[in-house]
Amino acid sequence: MAARGLTLGFGAKTVLSDVSVEFPRGSITALIGPTGSGKTTFLRSLNRMNDKVRGYYRQGDVELDGTSIWGRDVALMGLRRRVGMLFQRPNPFPMSIAENVIAGVRAHRIADRSQVHAIAESRLREVGLWEAVAERLGDSPFRLSGGQQQLLCLARALAIGPDVLLLDEPTSSLDPITMEAVEALLAKLAPALTLIVVTHNLAQARRVSQRTVFFYQGRLMEAGSTDQVFEDPVHPETARYVTGRMG
Ligand SMILES: Nc1ncnc2c1ncn2[C@@H]1O[C@H](COP(=O)(O)OP(=O)(O)OP(=O)(O)O)[C@@H](O)[C@H]1O
Ligand SMILES: [Mg+2]
């Protein structure tokens with residue numbers, strides 16, 4: 001996946017200016033930067049979540065396997081199947097826990113009826129939630145803790161088998177133990193999936209990512225290997241941010 005000269009905004013406000021960056025297949029990239037620098041807006045653009053926002057305008061492009069995601073032959077459903085998203089705040093659907101996991105599988109008609117329960121179990125096991133919910137699969141997800149709801153949403157995102165997973169501060173509501181488990185899971189997923197993770201947790205960016213992109217005031221200030229960006233940043237703003245002297 002790659003952004004090429006992506007400029008976008010809402011109404012008179014330009015939020016991102018001329019962002020170009022490539023996300024190598026199978027890698028984990030951390031998006032970092034101060035609040036309001038455009039990380040979420042950028043992430044949402046990668047699966048066309050901004051298209052319907054009032055006043056939205058765009059120049060430049062985003063490509064998946066060399067094809068524009070706004071291309072004439074690209075169906076939005078198909079794009080969303082390949083590029084999944086996990087939001088900062090868990091957003092379970094108003095249906096049972098088991099139905100949540102397989103909601104995407106159903107919508108995309110990926111599996112037939114006999115398989116869906118096996119898929120639900122294997123995805124819940126994968127995210128480490130199975131033991132906690134095995135006895136209450138028919139219950140509402142809204143009685144789960146916030147962290148458990150987030151894991152459920154992760155299971156749902158994984159169930160459709162995306163190629164790229166976008167994660168917006170995915171562990172900000174998780175306790176340290178669950179956060180560690182999610183980080184380990186991301187590392188395990190990565191060779192098969194391309195992961196793009198927004199995080200304010202700089203230690204997490206260093207732990208999980210191979211590449212880091214630093215956003216500053218709507219611009220891509222710096223992108224490179226995570227070691228380079230943290231240990232030998234090119235720009236003074238990057239240095240100030242990664243050493244905790246800014247934001
Ligand atoms: N729909 C919108 N209409 C107008 N402005 C918007 C809209 N969505 C986002 N913005 C503006 O775009 C800028 C970037 O916001 P964004 O949410 O992408 O930042 P962020 O880097 O994710 O910040 P944070 O770290 O706080 O989550 C902000 O100034 C925000 O107010
Ligand atoms: Mg954000």
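Ligands are counted one by one from 1 in listed order, and the atoms in each one are counted from 1 as well. Keep in mind it's a predicted model, so treat the numbers as computed, not measured.
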Among K13, R54, K39, which residue places a heavy atom closest to atom 21 (O) of ligand 1?
-> K39

Considering T41, V53, T199, L16, which one's heavy-atom position lies nearest to atom 16 (P) of ligand 1?
-> T41

Find the distance between OG1 (T226) and CG (L202) and round it off to the nearest 0.5 Å.
-> 11.0 Å

Per-atom contacts of ligand 1 with T35, taking only distances under 4.0 Å to non-hydrogen atoms | 23 (O), 24 (P), 25 (O), 26 (O)

With sequence neighbours left out, which residue pairs that include part of residues 19-54 fulfil the ring pair (Phe, Tyr, Trp, His ring centres under 6.0 Å) condition?
-> F42-F215

Sorted by chain and number, protein N/O/S atoms nearer to the Mg ion (ligand 2) than 2.8 Å are T40 OG1

Could R156 and F93 be counted as a cation-pi pair, given that NZ or CZ must be under 6.0 Å from the ring centre and within 45° of the axis?
-> yes

Give yes or no for whether the N/O distance cutoff of 3.5 Å, strictly under, is met between Q88 and ligand 1.
-> no

Is it true that D163 and R82 make a salt bridge, defined as a side-chain N closer than 4.0 Å to a carboxylate O?
-> yes

Using a strict 4.0 Å threshold on nitrogen-to-oxygen distance, state whether R123 and E126 make a salt bridge.
-> yes

Salt bridge flag under 4.0 Å for residues E22 and R4 = yes

Is the closest heavy-atom distance from S37 to ligand 1 below 4.0 Å?
-> yes

For ligand 1, which atoms sit closer than 4.0 Å to a heavy atom of V15?
-> 11 (C), 12 (O), 13 (C), 14 (C)

Residue pairs involving residues 6-15 (criterion side chain to side chain donor-acceptor pair (under 3.5 Å); sequence neighbours excluded) = T14-Y57

Ligand 1 atoms nearer than 4.0 angstrom to some heavy atom of H200 are 24 (P), 25 (O)

Roughly how far, to the nearest 0.5 Å, is the CZ atom of R44 from the CZ atom of F87?
-> 6.5 Å

Around atom 8 (N) of ligand 1, find the nearest protein heavy atom and jot down its residue, atom name and distance.
-> F10 CE1, 3.5 Å

Under 3.5 Å, is there a donor-acceptor pair linking the side chains of S173 and Q150?
-> no

Of L8, T14, D168, T40, the one whose closest heavy atom lies nearest atom 17 (O) of ligand 1 is T40

Pairing of R106 and E99 as salt bridge, 4.0 angstrom limit | yes

Is there any ring pair (Phe, Tyr, Trp, His ring centres under 6.0 Å) pair reaching into residues 111-135, and which pairs are they, with sequence neighbours excluded?
-> none

May I ask you to identify the nearest protein heavy atom to atom 27 (O) of ligand 1, giving residue, atom name and distance to one decimal place in Å?
-> E169 OE2, 3.6 Å

The protein heavy atom nearest to atom 14 (C) of ligand 1 is G36 O, 3.4 Å

